[in-house]
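Note on naming: letters A, B, ... go to the chains in the order of the sequence lines (proteins, then strands), and numbering restarts at 1 for each one. Since the model is a prediction, treat every value here as computed from it, not as a measurement.
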Amino acid sequence: MRTELKRPRGTQDLLAPESLRVERFRRLAFDTARHYGFDPIETPAFEQSAVFLKVGESTDVVQHERYAFTDAGGVELTLRPEGTAAVARAYVENGLYNAPQPVRLFYWAPMFRRERPQALRYRQHTQFGAELFGVEDASADAEIMLLSTAVVIRAGLSHPVIRANSLGCSLCRPAYRSALVQYYEGFRGQLCQDCERRLDQNPLRLLDCKVDQAVREGSPDLSLFWCPECRRHFERVIELVGATGRLIERDPHLVRGFDYYTRTVFEVGHPELGNGTALFGGGRYDGLVELLDGPKVPGVGFGMGSERLLAALGTRLSASSQPSSYVAYLPGFQGQAWIVAESLRVRGLPCQTDLLQRSLKAQLRDASRRVQYVLIVGGEEWAEGKLTVKNLESGAQHVVSADPDDVAQVLVHEGALGL
RNA sequence: GUGGAUGUAGCUCAGUCGGUUAGAGCACCAGGUUGUGGCCCUGGGGGUCGGGGGUUCGAGUCCCCUCAUUCACCCCA
């Protein structure tokens, strides 16, 4: 078949068994978040463009990579490129600052960014994320780190290492920023092309350049500029997380892409994904709610890309399979098979049956590719109120009562019958 | 946005120097066995060789453009 109707660039069709792994991970993430007291939140796939524009003035994600459109009513809308701004908007709009604090929210949602696709980078990807509002104390940062790592640990990655840093607050960051700019100005003209641009547009990004590392070595240390409160906050985060046995270390060069981060930022990577590709990351955003017309409420959160996480997990998280059954029939017995199949399903047992009026041989071939147990309906057994149960893996088969309750019981306890 | 690689069946790939009707394996369907899957045998369906243009008597093959995939950079999940 030839068609021009292909999926848009950078998107993907997810088929079994991959789609089953995703669903399994989604449930695991959902469970874990609930375990920490977080409630699910769903926000629209698109927002007024202003929501993202306000929040990410200088970031590539909202500056160059937005899927934006004007609807028939003239409203400027943008497909959600990231979760935090949307959730913060919902926090304000729904008056959650009047709810008992802290407010703990999590989401599982598609994100849209018009980037050039490459390994594990898509124009539509899925993020599991959580946001915690209303706590300025370092324990909130620590709880977010615990939740995010708990998810990957439960999924099968044993010892994630959190790399963390503090970007300081509105009191101490400006001083550092100008010291950094002043230092790098001395190397103007000797830097890589990207760094020349960073120097003007986003100086903090100079810190994670992979080329000009020698220049970076002599750059001023961010931690020397932290105000006492920021210092105490960061040390407390390290202490609280470390106390639980999680691995956390300071990465003095870690900065992150969104403007709204204050103080804590963190990332977790994975060796199998290459050095630059973060599994997930997050941080604190104490000014964000206010920026979105809300009261002065602090917040902290993370976002985790499910595609990257599933890739890092590899076979550690496999598609769950539960034994299933298939009702095959002899010519003329499709009606009876139909009823047997449904009687099993209403008893909670997975079951399918042939819809194509195929030969028994074809049905068995089909069944052997799909399920572990096949029931054969028809002929002499059926006349005696019986049917055949066959285990397609072992080849063993028995004739049993065709009463639906009996059949269900046999399937549940088939091990005991030596099938 | 920048740079590289690759596009032939559902999948993985052959296809010689430009030459007849484009092949294989796997997968799918049917039959061999009108009551038994997997192994085996036989047969079948499925391709405008990514698309467009050009060179040529003749293009899957050579040239140009384009689209897509993929990898890296930027950035990010």
Paired with [N]: which nucleotide, if any, by Watson-Crick or G-U wobble criteria at under 3.5 Å for both distances?
N     : result
B/C73 : B/G1
B/G43 : B/C29
B/G19 : B/C57
B/G37 : none
B/A24 : B/U12
B/U6  : B/A68

With a 4.0 Å cut-off, would you call [X] and [Y] a salt bridge?
X        : Y        : answer
A/Glu47  : A/Arg89  : yes
A/Asp200 : A/Arg198 : no
A/Arg284 : A/Glu136 : no

Whole-Å gap separating [atom2] ([N]) and [atom1] ([X]):
X        : N     : atom1 : atom2 : result
A/Leu120 : B/U69 : CG    : P     : 15 Å
A/Tyr261 : B/A77 : OH    : P     : 6 Å
A/Glu82  : B/A77 : CD    : P     : 8 Å
A/Glu65  : B/C73 : CD    : C1'   : 14 Å
A/Tyr326 : B/U36 : OH    : P     : 16 Å
A/Tyr329 : B/U36 : OH    : C1'   : 15 Å
A/Gln12  : B/A77 : CD    : C1'   : 12 Å
A/Arg113 : B/G1  : CZ    : C1'   : 17 Å

Please measure how far the [atom1] atom in [N] lies from the corresponding atom in [M], and state the result in whole Å.
N     : M     : atom1 : result
B/G4  : B/C40 : P     : 47 Å
B/A9  : B/G52 : P     : 16 Å
B/G43 : B/G23 : P     : 15 Å
B/U12 : B/U21 : C1'   : 25 Å
B/G3  : B/A59 : C1'   : 30 Å
B/U8  : B/C49 : C1'   : 4 Å
B/G1  : B/G58 : C1'   : 43 Å
B/U61 : B/U20 : P     : 14 Å

If every non-hydrogen atom of A/Val151 is compared with every non-hydrogen atom of A/Leu28, which pair is closest and at what distance?
-> O-CD2, 3.6 Å

Minimal non-hydrogen separation, A/Ser49 against A/Arg66, with atom names = OG-NH2, 3.2 Å

The side chain of [X] is closest to which nucleotide in this list: [options]?
X        : options             : result
A/Asp60  : B/A77, B/G35, B/C75 : B/C75
A/Leu364 : B/C28, B/U36, B/A72 : B/U36
A/Asp194 : B/C73, B/G37, B/A77 : B/C73
A/Arg197 : B/C75, B/U36, B/A77 : B/C75

With a 6.0 Å cut-off on ring centres, are A/Phe225 and A/Tyr176 close enough?
-> yes

Donor-acceptor pair present, [X] side chain and [N] base, under 3.5 Å:
X        : N     : answer
A/Glu115 : B/A77 : yes
A/Gln363 : B/U36 : no
A/Lys361 : B/G35 : no

How would you label the contact of [X] with the nucleic acid (heavy atoms, under 4.0 Å): base, sugar-phosphate, or nothing?
X        : result
A/Gln124 : nothing
A/Ala119 : sugar-phosphate
A/Phe128 : nothing
A/Gly83  : nothing
A/Glu380 : base
A/Glu381 : base
A/Arg198 : sugar-phosphate
A/Arg369 : sugar-phosphate

With distance as the sole test, does A/Asp354 use its side chain to make a donor-acceptor pair with the main-chain N or O of A/Gln357 at under 3.5 Å?
-> yes

May I ask you to evaluate whether [X] reaches the phosphate of [N], defined as a side-chain N or O under 4.0 Å from OP1 or OP2?
X        : N     : value
A/Arg116 : B/G4  : no
A/Arg7   : B/A68 : no
A/Arg256 : B/A77 : yes
A/Gln118 : B/A72 : yes
A/Arg358 : B/C29 : yes
A/Arg9   : B/U69 : yes
A/Arg365 : B/C28 : no

Return the 5'-most residue of the pair A/Ser359, A/Gly281 with respect to RNA chain B, ranking by each residue's nearest nucleotide.
-> A/Ser359

Aromatic-base stack, A/His64 on B/G1, cutoff 5.5 Å, angle under 30 = no

Return yes when atom CD of A/Glu185 has more than 12 non-hydrogen atoms of other residues, nucleotides or ligands closer than 6.0 Å, and no otherwise.
-> yes

Of A/Gln363, A/Arg369, A/Arg370, the one forming a side-chain hydrogen bond (donor to acceptor under 3.5 Å, both in side chains) with A/Asp366 is A/Arg370

